[in-house]
Enquirer: 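Please see the structure below; I have some questions.
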Protein chains: 2
Amino acid sequence: MPVPLSARSATAASEFSDAGRGSAEAAVDLSAFQAEVVGVFVGLGQAMGLPKSYGEIYGLLFASTQPLGFNEIQSRLGLSKGSVSQGLRALREIGAVVVAGDFPGRREGYVAATELRPLAAALLRGTLEPQLVRGSAQLKTATGLLGEENLPLADRRVLARRLDKLQGWHRKAGGLLPWIIKFLR
Amino acid sequence: MPVPLSARSATAASEFSDAGRGSAEAAVDLSAFQAEVVGVFVGLGQAMGLPKSYGEIYGLLFASTQPLGFNEIQSRLGLSKGSVSQGLRALREIGAVVVAGDFPGRREGYVAATELRPLAAALLRGTLEPQLVRGSAQLKTATGLLGEENLPLADRRVLARRLDKLQGWHRKAGGLLPWIIKFLR
DNA sequence: CTGGGAGTTCAATAAAAAATGAACAGGAAA
DNA sequence: TTTCCTGTTCATTTTTTATTGAACTCCCAG
């Protein structure tokens with residue numbers, strides 16, 4: 001079967017429950033609204049192969065009007081420091097999250113970039129594009145190898161045509177990307 | 001580092017160079033040409049979240065002019081019967097592989113469907129579309145929940161606008177799919 | 001029928017990916 | 001400088017996903 005996906009039901013949320021645990025247990029300090037939005041982004045993220053925690057972090061920020069600090073993110077989502085740190089870094093790298101204002105101490109506040117277009121662009125660039133590039137190179141190699149193969153002419157012809165078609169597809173898909181990105185305004 | 005996602009190195013799976021990994025006695029029954037084509041499809045498949053074995057099977061068939069039997073597929077790729085069986089089934093379900101002619105006994109021959117368009121369509125339908133549908137439903141729920149949330153008016157406004165934008169994005173992406181599929185001729 | 005091989009199923013296992021948390025930088029305030 | 005606190009790194013653990021293989025089903029040949 002194709003890509004599986006966990007069906008998340010939005011669990012309700014109690015406002016302030018276990019804020020002080022040594023290590024959080026999947027705790028949810030989220031409002032029902034926030035939980036639902038987080039669910040949306042977890043799903044979207046998984047569809048693009050991103051870890052669940054990334055989707056959670058982005059979703060929480062997306063559902064917040066104020067900048068959130070590292071701690072707040074961690075405790076509300078019940079994630080480990082490591083996950084939050086890595087998640088924030090990755091999200092900042094693709095421009096999905098942005099630093100917005102300093103808190104006292106060495107702390108910073110984070111905000112979701114809600115402009116979807118550059119975000120989609122970055123994701124596609126990071127996932128599809130590399131594969132297209134790699135694939136094109138491999139196809140060129142394969143075309144070369146086909147020449148060295150000792151095959152009946154008819155077979156060679158058939159295979160050469162298949163490779164051509166695939167190459168065309170790659171080219172087209174490559175050309176399509178910028179267009180798609182532009183379309184998602 | 002960057003966005004994770006499956007980015008297998010898939011470097012030229014040269015013929016005999018894989019004396020490494022203890023696991024699979026992987027596929028050494030392939031010509032250099034076949035190995036390279038298999039690599040292309042393993043990569044493409046992984047980019048869409050398909051198991052490696054699916055890509056291998058499809059790739060092998062794509063690189064063959066004759067129908068291949070179950071056994072041939074299994075032994076050339078060095079996969080288990082189970083993997084081949086499941087892989088073939090999934091590939092047939094999305095129309096990527098087709099039964100082509102019977103061999104003696106209970107055996108059948110398999111061929112790759114080389115028409116890329118319906119194939120891409122099936123894959124997108126199976127992966128992105130369900131997520132878009134689910135996401136839309138969740139967004140509707142979220143919009144409802146936002147109403148019940150006790151928030152300053154300004155905040156509620158901001159969030160409502162964000163949800164709207166996201167919903168628009170979903171709609172647009174949904175509308176885009178058929179178009180993309182049509183474009184990949 | 002019935003014997004045997006082709007392919008399927010699915011619980012068990014292995015492999016891959018993500019999350020965790022303890023050790024570690026490094027800055028700010030004192 | 002020293003202390004304290006925030007966030008990072010990365011080896012380890014947990015979770016998820018893919019693969020295997022043995023038990024099974026089914027069908028054709030004999």
Side-chain angles (χ1 to χ4, degrees), chain A residues 1-8 21-27 42 45-58 67-75 77-93 97 99 101-110 127, chain B residues 1-10 20-27 42 45-57 67-75 77-93 97 99 101-110 127:
Chain A
M1 296 298 281
V3 179
L5 264 162
S6 43
R8 260 265 118 49
R21 277 320 187 118
S23 39
E25 305 287 320
V42 168
Q46 309 236 101
M48 319 200 58
L50 302 183
K52 192 168 105 172
S53 61
Y54 292 18
E56 293 178 316
I57 295 170
Y58 183 80
L68 299 185
F70 188 103
N71 269 327
E72 215 161 349
I73 296 172
Q74 192 200 332
S75 60
L77 292 172
L79 293 171
S80 67
K81 284 204 293 179
S83 287
V84 173
S85 177
Q86 290 180 190
L88 279 176
R89 173 158 59 136
L91 291 169
R92 263 176 342 217
E93 270 171 9
V97 161
V99 175
D102 292 299
F103 291 6
R106 166 90 235 102
R107 289 151 56 207
E108 293 179 322
Y110 301 96
T127 57
Chain B
M1 295 285 265
V3 182
L5 197 87
S6 30
R8 289 288 64 91
S9 74
R21 296 299 100 110
S23 58
E25 303 301 327
V42 168
Q46 308 235 102
M48 319 201 56
L50 301 182
K52 191 167 105 173
S53 61
Y54 292 17
E56 292 178 317
I57 295 169
L68 299 184
F70 189 103
N71 268 325
E72 215 162 348
I73 296 171
Q74 192 200 332
S75 61
L77 292 173
L79 294 171
S80 68
K81 284 204 293 179
S83 286
V84 173
S85 178
Q86 290 179 192
L88 279 175
R89 173 157 59 134
L91 290 169
R92 264 177 339 217
E93 269 170 11
V97 161
V99 175
D102 292 299
F103 291 6
R106 163 114 225 86
R107 290 166 343 153
E108 293 179 322
Y110 301 96
T127 57

Enquirer: Just how far, in rounded Å, is C1' of D:dA18 from CG of B:Leu77?
Expert: 15 Å
Enquirer: Taking side-chain hydrogen bond (donor to acceptor under 3.5 Å, both in side chains) as the definition, give me every residue that meets it alongside B:Gln74, ordered by chain and number, with sequence neighbours left out.
Expert: none
Enquirer: Test of understanding: with side-chain hydrogen bond (donor to acceptor under 3.5 Å, both in side chains), list the residues that count as partners of A:Arg92, not counting sequence neighbours.
Expert: A:Tyr110
Enquirer: Whole-Å distance between C:dG7 C1' and B:Leu68 CG?
Expert: 16 Å
Enquirer: Reckon A:Ser53 has a side-chain N or O less than 4.0 Å from the OP1 or OP2 of C:dA18?
Expert: no
Enquirer: So, using side-chain contact (heavy atoms from CB on, under 4.5 Å) as the criterion, who are the partners of B:Gln86 when residues are at least two apart?
Expert: none
Enquirer: Just how far, in rounded Å, is P of C:dA18 from CD of A:Gln86?
Expert: 10 Å
Enquirer: Report the end-to-end axis angle of the helix from C:dC1-D:dG30 to C:dA30-D:dT1; each axis comes from five terminal pairs, and the value is rounded to 10°.
Expert: 10°
Enquirer: Would you please name every residue forming a side-chain hydrogen bond (donor to acceptor under 3.5 Å, both in side chains) with A:Ser80, sequence neighbours left out?
Expert: A:Ser83
Enquirer: What is the distance, to the nearest angstrom, from the CG atom on B:Leu79 to the P atom on C:dT13?
Expert: 21 Å
Enquirer: Side chain of B:Arg92 only, heavy atoms from C-beta on: which candidate in C:dA18, D:dT20, C:dT8 is closest?
Expert: C:dT8
Enquirer: Nearest whole angstrom, please: distance from the P of C:dG7 to the CD1 of B:Ile57.
Expert: 13 Å
Enquirer: Hey, which sits more toward the 5' end of DNA chain C by its nearest nucleotide, A:Gly82 or B:Val84?
Expert: B:Val84
Enquirer: Using a 3.5 Å distance criterion without hydrogens, assess whether the side chain of B:Ser85 forms a donor-acceptor pair with backbone atoms of B:Lys81.
Expert: no
Enquirer: For the residue pair A:Tyr58 and A:Val97, what are the closest heavy atoms and their distance?
Expert: CD1-CG2, 4.2 Å
Enquirer: Report each atom pair, protein N/O against N/O of nucleotides 3-7 of chain D, whose distance is under 3.5 angstrom.
Expert:
unit_1 : atom_1 : unit_2  : atom_2 : d
D:dG7  : N7     : A:Lys81 : NZ     : 3.2
D:dG7  : O6     : A:Lys81 : NZ     : 3.3

Enquirer: Looking at A:Met48 and A:Thr127, what are the two nearest heavy atoms and their distance?
Expert: O-CG2, 4.3 Å
Enquirer: In whole angstroms, how far is the P atom of C:dA14 from the NZ atom of B:Lys52?
Expert: 17 Å
Enquirer: Calculate the interatomic distance between A:Met48 atom CE and C:dA18 atom P; express it in whole Å.
Expert: 14 Å
Enquirer: Please state whether the phosphate of C:dG21, meaning OP1 or OP2, lies under 4.0 angstrom from any side-chain nitrogen or oxygen of A:Ser80.
Expert: no
Enquirer: If every non-hydrogen atom of B:Gly87 is compared with every non-hydrogen atom of B:Ile57, which pair is closest and at what distance?
Expert: CA-CD1, 3.9 Å
Enquirer: Please name the pair of heavy atoms, one in B:Val42 and one in B:Gly55, separated by the smallest distance, quoted to 0.1 Å.
Expert: CG2-C, 4.0 Å
Enquirer: Answer yes or no: does a side-chain N or O of B:Arg89 lie under 4.0 Å from OP1 or OP2 of C:dG7?
Expert: no
Enquirer: Could you state the atom-to-atom distance from CG of B:Leu88 to P of C:dA6 in whole Å?
Expert: 15 Å
